[in-house]
Amino acid sequence: MKALCWQGKHEISVKTVNDPRILNPHDAIIRVTQAAICGSDLHLYNGYIPTMEKGDVMGHETMGEIVEVGPKVKNRKVGEKIVIPFDIACGSCSFCKQDEFSFCDNTNPNTALANTLYDHGGSALFGYSHLYGGYAGGQAEYIRVPFVDTNSLAIPAGVPDEKVLFLSDIFPTGFMAAENANIKRGDTVAIWGAGPVGLMAIKSAFLLGAERVISIDHYSGRLKMARDAGAHVVNFEDIHGILDEINYLTGGKGPDSCIDAVGLEAHGSTVTAVLDRAKTTVGIGTDRPDALRQAIQACKKGGYVSVPGVYGGLLDNLPFGAAFGKGLNFKMGQTHTQKYMKPLLDRILADEIDPSFVITHRIKIEDGPQAYKSFNEKKDDFVKVVIQMN
Ligand SMILES: [Zn+2]
Ligand SMILES: [Zn+2]
């Protein structure tokens, strides 16, 4: 089969690789119909995530049709159309039983490094390095899905793929971020980052009752989409100080909750942002957490800081005194995608939201290598790339 394979930093190629096979009785093989490129795939492309190997198949936002099931699969059958969550869960460990699927204890065979970094590593992920289990991803013609009874959502016939594809990651991720922000009716929510997750968080914040959403970014194309989604937008390059601006917009009180949908590769020209860039460049820093610093600093007393943006290591110059002084609440982490897929499908079918609004590019797999390059260079125009496999 054809697949988009990681060949090294800044190098993705279309390769012919072996078709996946059933390896475990709970597996299924899926013929992929659509796959998307995620902003977090760029962390792999840019070489930020260790343990990638030449030839690894990329992709964790995938859907398709079941073509084969293992003998112990109970709830799925050949011919069904499914969406596949990006995290891989067993469905039966103590965490999975509490719907904390991204904490699954059983699916990652390579937890040694994660345990060294975090003491307790999380679940495996599709197409996301050997640190996260080394499972082949979905930017390919076929994919093997382990524990398919847990790691799939059946899609009713007649629903267009594009409307449901993002149940694999960014819609549940944006929604869980909004839920983690404890939004109540009438709240003001500030969201750093107007990429796909930030845009989904804007829509989700409104679904959960927010009265006003402030979206902060510096790419004009993304800010236009945020404005179209109903947010008040702030381009941080056009103003003197982001904290002054947010205080002005909230009558000096600060937002009820702040969502950091940027993560470890924040841009910006504050003193701390410049320091982060210098440290990560010479290898004495792991993360560039300037969006998180601003979110903590901006938030109202007793407010909520929700972090769907990905962080990897040790963060410095975080204003923890401000967090303590204001009694802030923090929630974060990988999305428990399996928990959200069905209720969010119901919202799509009820026409409350159509997540396909984020799509800016539709390509064939042959155009994948160029799409990665362009997505990485021209973030302004590239919000979401969908690979159409058929
Ligand atoms: Zn993703
Ligand atoms: Zn589990």
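Indexing begins at 1, ligand by ligand and atom by atom, following the structure's order.
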Taking the side chain as every heavy atom from C-beta outward, state whether Glu68 and Ile22 have any pair of such atoms under 4.5 Å apart. yes
Tally every protein N/O/S atom whose distance to the Zn ion (ligand 2) is less than 2.8 Å; waters are neither shown nor counted. 4
Assign the ring pair Tyr48 / His43 to parallel, tilted or perpendicular, where the plane angle (0 to 90°) is split at 30° and 60°. perpendicular
At the Zn ion (ligand 1), SG of Cys38 and NE2 of His60 open up to roughly (10° bins) 110°
Verify the distance criterion only: is there a donor paired with an acceptor across the side chains of Asp217 and Asn235 at less than 3.5 Å? no
If we count only N and O atoms by modelled type, under 3.5 Å, do the side chains of Tyr340 and Glu179 hold a donor and an acceptor together? yes
His218 vs Phe236 aromatic rings, parallel, tilted or perpendicular, using cut-offs 30° and 60°? parallel
The N/O/S atom of Glu61 lying closest to the Zn ion (ligand 1) is OE2
Check Asp27 with Arg144, please: is the shortest side-chain N to carboxylate O separation under 4.0 Å? yes
Considering only heavy atoms from C-beta outward, does the side chain of Ile143 approach that of Ile84 to under 4.5 Å? yes
Could you tell me which N, O or S atom of Asp169 is nearest to the Zn ion (ligand 1)? OD2
